[in-house]
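None of these values were measured; they are calculated from a predicted model. All chains are named by letter (A, B, ...) in the order of the sequence lines, taking the proteins before the strands, and each is independently numbered beginning at 1.
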Amino acid sequence: MFIALIGVDHKTLEWTQKYLQEVHGFILLQVCCDSQKEKTANDTKYFNSTATMIDYATERWQNNFVTPSLDSSSSVDFDLFLRRPFTLLVAVETTLANMMQNMQSIGHKNGHSFTINQFADFYDTTYKARRDKISQAHINIFNPYTNEQDYISLLHSVNLLDEQRLRPNWDTYFMELADLASQRSNCMKRRVGAVLTQDKRIVSTGYNGTPKGLTNCTQGGCPRCNNGVEQGFAECLCLHAEENALLEAGRTRIGDSAVLYCNTCPCLGCAIKIVQTGIKEVVYNQAYRVDDKTAQLFENATVSCFFTNFFTLIFTIYPLLTHLNLKRPTNNLMKQPPSDKSTTDDDSTQSSDEHDNPDDPDNKDDDSEATLSESEMVGEKRKRRSGSGSRSGSGRIVEEGIIYNHDIRFISFSFNPSIELVGAATKLGLTVTSDLTSSDLIIYESCQVELTQLSHPDNSVCQHWITDSAAANTTLPICLYNLNTSYDPNAFEDPALDIQPDSTSKYACWRTHPLVSPNEELVDALRVLKQDRIARDEKWNALAYTRALSMVKSFPHRIRSKDDILLSVPASDDEEDAASAASTYKHPRTPTKPVKNIGDKKIKAKIEEWLNYGRVYEAEKIRGSDMHSIYHSLYSIQGIGPKKAFELSRSGVRSVDELVDNGKITQDDATLAQHLNNSISRDEVERIANYVMGHARSLLAHPSYAICGGFRRAKPMSNDIDIIITQHGASVAQLNHFLVALTDSLQSTGFLTKLMRQVSLCVASNRRKEDHDYQSTMLGVVESSRKFGTSEGEHPQYRRLDVIVAKPASFHLEILSWTGSVMYERDLRSYVRRHKLKLNASSVYNDTTDEELDLSLVRSERHLLRVLRLPWIAPQYRNCD
DNA sequence: AAAATT
DNA sequence: ATTTTGA
DNA sequence: AGAAAC
């Protein structure tokens with residue numbers, strides 16, 4: 001074996017060379033000019049050219065040789081070198097920090113200092129010169145260590161002497177040929193290649209594309225594939241690579257020992273054909289969406305199906321794993337393995353400074369400190385952690401970076417991972433382990449995860465997370481990949497990190513509002529007054545009533561005296577005492593302060609009236625009036641808001657039917673309004689959402705979704721169905737296309753009967769700077785029937801359906817926004833605005849600089865609220881209206 | 001109608 | 001006394 | 001363009 005080393009970092013190259021010489025007895029050969037010979041040691045052989053060096057090695061092929069390329073003057077002709085069958089090109093690289101340090105230490109020895117600019121110059125020229133060859137290497141070894149011993153153990157596990165690398169085995173050989181065939185693919189969707197062999201001889205090859213004589217798929221020949229979103233196979237005109245290979249071979253040339261190599265797992269249709277032709281062995285190296293079904297079919301037909309498992313990258317990970325295991329940081333999300341305790345400091349301090357002193361929501365003087373952008377927060381967290389020095393040497397092990405934010409280091413696969421996957425994992429700085437119990441994250445092949453079997457299901461995601469994250473070169477929000485059918489946006493985060501709610505705050509988003517208040521009669525009276533003010537077009541007056549009723553709703557106890565609506569203020573500075581005093585409305589200790597949002601003049605008087613007489617006169621009067629009920633029936637019609645409803649009811653309109661007779665509205669509008677007045681059971685909401693998601697899944701590979709609105713706030717009955725859908729890694733264009741396709745799909749089955757509004761996501765660059773709205777929604781009416789569990793009997797029921805397609809990064813913000821309630825949302829925005837942030841359903845941006853914050857690292861609704869410095873109130877306690 | 005700001 | 005109150 | 005409705 002003859003190894004040529006290539007790289008940029010002197011030390012890593014030197015260590016590798018030394019290792020080969022000393023541990024494996026490699027002989028050092030070098031091409032160089034005469035002047036350099038004197039400097040080096042005398043057990044080195046020198047040659048004037050690559051050709052003479054190779055000839056020398058060829059004659060002594062039983063020996064192992066190594067040639068370094070330590071500096072740019074080294075003139076090994078790699079093309080010539082690689083022509084020989086016993087040669088191996090090994091690239092070694094290290095971190096920039098290591099390289100810089102190594103260069104500085106060399107500079108020190110020679111007595112001159114070294115600037116970062118000089119380093120950059122050196123790196124640029126040297127790396128560029130060698131870049132091509134580095135990418136051609138048989139093995140790429142990345143050295144993350146500064147310590148020679150660690151690196152040697154890594155090298156050792158790579159097993160450089162493995163003869164397999166010099167000559168591929170049959171499987172690798174045919175698989176690479178299949179890859180080559182895939183290059184001829186003319187299908188817009190995917191490059192697939194296949195090689196059919198019989199007794200290690202190629203019978204035929206195939207790639208996918210449109211049939212002979214038709215326009216190539218790449219020229220627009222197949223309408224289905226040229227359509228952005230995934231759609232049914234039925235309309236596809238492309239032949240699959242496997243089909244082509246089988247057709248080319250013909251039934252008679254396929255014998256008993258035929259093996260089909262495909263670079264992608266065959267689809268179900270191909271699998272059927274494969275079984276029928278009598279092929280008994282299939283080898284593939286990339287997973288596809290239908291793997292499970294195909295595997296099942298092959299199993300039933302006794303066809304063996306192999307997932308080729310190449311060896312290279314696994315090796316470079318193993319030593320990292322063993323090394324890290326000892327120094328793994330503690331993590332409050334994870335169970336702590338026993339061996340860790342001695343080597344890591346307690347991490348609990350971190351949780352306390354995470355929510356240090358949730359700023360008093362009513363205190364406005366600490367703006368400067370409270371305004372914290374997401375990027376700042378992440379940066380601060382990182383600094384805090386590494387700067388605290390609490391973790392012994394953790395900074396040295398893995399480059400601190402992206403993965404740090406998620407506290408995930410150890411992952412394991414519940415299946416045999418492909419090279420790409422393992423490679424992707426390493427690119428992210430992750431360590432692959434086979435031990436499911438000690439891994440931070442378990443990757444499942446299928447997205448249909450059986451969560452019950454897992455010890456920590458919250459940290460399991462589907463494999464796409466890794467590949468997508470690697471493609472994006474950052475860790476994508478894990479929650480989006482945490483898929484199963486009932487994605488729970490509440491979960492995942494540690495409740496200990498939550499900011500605590502404050503029931504004395506004037507902001508509804510700081511208080512908890514139960515579904516049903518102990519003061520429900522009072523709340524009801526205030527609601528009537530609010531409705532009345534809306535009808536009178538006294539919008540802001542109505543808002544004041546909404547605020548007051550929301551304040552009353554957050555009282556956990558029944559209000560018995562007017563002292564109850566004064567809050568006790570802590571007598572001492574004792575914090576625990578303060579918290580308990582604030583959260584329970586005990587009879588006040590002095591001093592007291594008035595409840596927010598309930599003014600001295602009007603609303604307080606109403607409440608006192610209720611306390612004294614058990615009713616609010618004005619509310620009773622409004623409730624009793626005819627106009628009130630007519631107003632409500634008119635108000636429920638599409639196109640009639642508070643203003644028109646009030647106008648009409650005042651002008652003597654007695655019923656909805658009257659309007660129909662007058663021709664002011666159609667009969668359809670009237671019946672629709674009646675249908676929409678009926679509330680929907682939770683069961684039905686879920687079934688309708690499932691139905692919609694069934695359509696969504698035929699258009700998107702791995703959609704994540706959440707049902708929001710009243711349903712999420714745990715209301716027993718909902719007014720409509722709100723579904724937020726996203727797809728990790730999807731672009732705005734894809735999501736727009738998806739929404740249109742979903743609408744078409746729902747319309748074509750007759751389920752969606754009326755489309756009220758369809759808005760597409762905006763592309764940022766085309767918009768004015770101040771426009772931060774990226775909402776993509778479909779508001780419509782669907783026809784629900786008994787199969788969805790309507791309680792209204794045989795007749796179909798019309799239901800309002802809102803589908804919101806969110807950008808992956810703003811998924812949790814959309815969930816927060818579409819969960820409500822109205823008062824909660826209003827105060828949420830109001831509160832963050834005090835803290836110089838502006839918030840809408842799809843983005844957060846700085847109110848003054850207008851710069852949008854990057855939310856792609858936000859991993860749950862809880863996390864988002866923490867970033868906004870707000871408490872996370874469980875959805876069932878957000879019923880503020 | 002209430003609270004913040006001028 | 002005037003302005004703000006969600007998007 | 002602005003109001004109303006959602």
Side-chain angles (χ1 to χ4, degrees), chain A residues 361-365 367 504-509 526-527 529-552 565 593-607 618 634-648 665 669 672-673 676 709 719-720 722 754-759 762 770-775 777-781 800-804 810 813-814 816-835 837-845 847 868 870 878 880-881:
Chain A
D362 298 327
N363 208 346
K364 59 182 173 61
D365 58 19
D367 273 352
T504 67
S505 168
K506 75 166 182 136
Y507 295 101
C509 55
L526 292 172
R527 270 199 200 112
L529 294 173
K530 168 196 166 186
Q531 277 304 318
D532 178 67
R533 303 302 189 264
I534 291 174
R536 289 171 197 281
D537 199 20
E538 290 166 13
K539 192 182 166 189
W540 301 117
N541 192 325
L543 174 58
Y545 274 99
T546 317
R547 290 219 150 105
L549 91 80
S550 134
M551 199 72 223
V552 172
I565 54 178
K593 64 176 182 182
V595 180
K596 301 274 180 176
N597 292 327
I598 297 177
D600 270 331
K601 283 183 190 160
K602 299 275 184 173
I603 293 178
K604 199 177 197 178
K606 295 276 191 299
I607 295 176
E618 195 189 352
L634 296 174
Y635 184 57
S636 63
I637 291 162
Q638 299 285 326
I640 299 183
K643 214 167 175 161
K644 271 187 199 161
F646 189 69
E647 264 332 297
L648 289 167
I665 58 167
D669 283 339
L672 182 64
L676 299 185
N719 297 321
D720 65 352
D722 306 293
K754 186 175 171 176
L755 187 59
M756 293 160 62
R757 179 178 127 127
Q758 195 176 41
V759 178
C762 303
E770 65 267 28
D771 200 333
H772 294 274
D773 217 331
Y774 299 97
Q775 204 173 57
T777 58
M778 188 274 278
L779 312 183
V781 178
R800 279 277 290 107
L801 170 73
D802 296 346
V803 176
I804 294 90
S810 49
L813 180 55
E814 294 275 6
L816 177 67
S817 305
W818 285 86
T819 297
S821 62
V822 171
M823 204 58 231
Y824 183 91
E825 297 302 321
R826 212 196 285 254
D827 283 353
L828 188 74
R829 287 157 173 47
S830 186
Y831 176 77
V832 299
R833 199 147 197 194
R834 291 236 155 270
H835 294 267
L837 290 177
K838 212 153 146 42
L839 188 85
N840 61 33
S842 56
S843 52
V844 181
Y845 49 102
D847 201 13
L868 298 173
L870 276 162
R878 289 182 209 165
C880 318
D881 316 313

Shortest non-hydrogen separation from [X] to [Y] and the atoms involved:
X: Met823(A); Y: Cys880(A); result: CB-CB, 3.6 Å
X: Val595(A); Y: Met551(A); result: CG1-CG, 3.3 Å
X: Asp600(A); Y: Lys604(A); result: OD1-NZ, 3.1 Å
X: Arg547(A); Y: Asp827(A); result: NH2-OD1, 3.3 Å

Within less than 4.0 Å of OP1 or OP2 of [N], is there a side-chain N or O belonging to [X]?
X: Lys838(A); N: dA7(C); value: yes
X: Arg834(A); N: dA3(B); value: no
X: Arg826(A); N: dG6(C); value: yes
X: Lys601(A); N: dA1(B); value: no
X: Arg547(A); N: dG6(C); value: yes

Mind checking [X] for me? I need base, sugar-phosphate or nothing, with any heavy atom below 4.0 Å counting as a touch.
X: Leu779(A); value: nothing
X: Lys644(A); value: sugar-phosphate
X: Glu538(A); value: nothing
X: Arg833(A); value: sugar-phosphate
X: Leu828(A); value: nothing

Query - Listed partners of Tyr635(A) passing ring-ring contact (aromatic ring centres under 6.0 Å, His included), at least two apart - result: Tyr631(A)

Between [N] atom [atom2] and [X] atom [atom1], what is the distance in whole Å?
X: Lys606(A); N: dA1(B); atom1: NZ; atom2: C1'; result: 10 Å
X: Leu529(A); N: dA2(B); atom1: CG; atom2: C1'; result: 16 Å
X: Asp827(A); N: dT4(C); atom1: CG; atom2: P; result: 18 Å
X: Asp537(A); N: dA3(D); atom1: CG; atom2: C1'; result: 11 Å
X: Tyr635(A); N: dA5(D); atom1: OH; atom2: C1'; result: 9 Å
X: Lys539(A); N: dA5(D); atom1: NZ; atom2: C1'; result: 11 Å
X: Asp532(A); N: dA1(B); atom1: CG; atom2: P; result: 11 Å
X: Met551(A); N: dA2(B); atom1: CE; atom2: C1'; result: 13 Å

Query raised in the report: Expressed in whole Å, how much space separates the C1' atoms belonging to dT5(B) and dA7(C)?
Result: 23 Å

Query raised in the report: Taking the C1' atom of each, how far is dG6(C) from dA5(D), in whole Å?
Result: 16 Å

Per [X] side chain, nearest of listed nucleotides [options]:
X: Val822(A); options: dC6(D), dA2(B), dG6(C); value: dG6(C)
X: Arg829(A); options: dG6(C), dA5(D), dA2(B); value: dG6(C)
X: Glu825(A); options: dC6(D), dA7(C), dG6(C); value: dG6(C)
X: Lys602(A); options: dC6(D), dA2(B), dA3(B); value: dA2(B)
X: Pro642(A); options: dC6(D), dA4(B), dA5(D); value: dA5(D)

**Report entry** side-chain hydrogen bond (donor to acceptor under 3.5 Å, both in side chains) partners for Thr819(A), two or more places apart
**Finding:** Arg712(A)

Requested in this report: Report yes or no: is the ring centroid of Trp540(A) under 5.5 Å from the six-membered base ring centroid of dT5(C), with the two planes under 30 degrees?
Outcome: yes

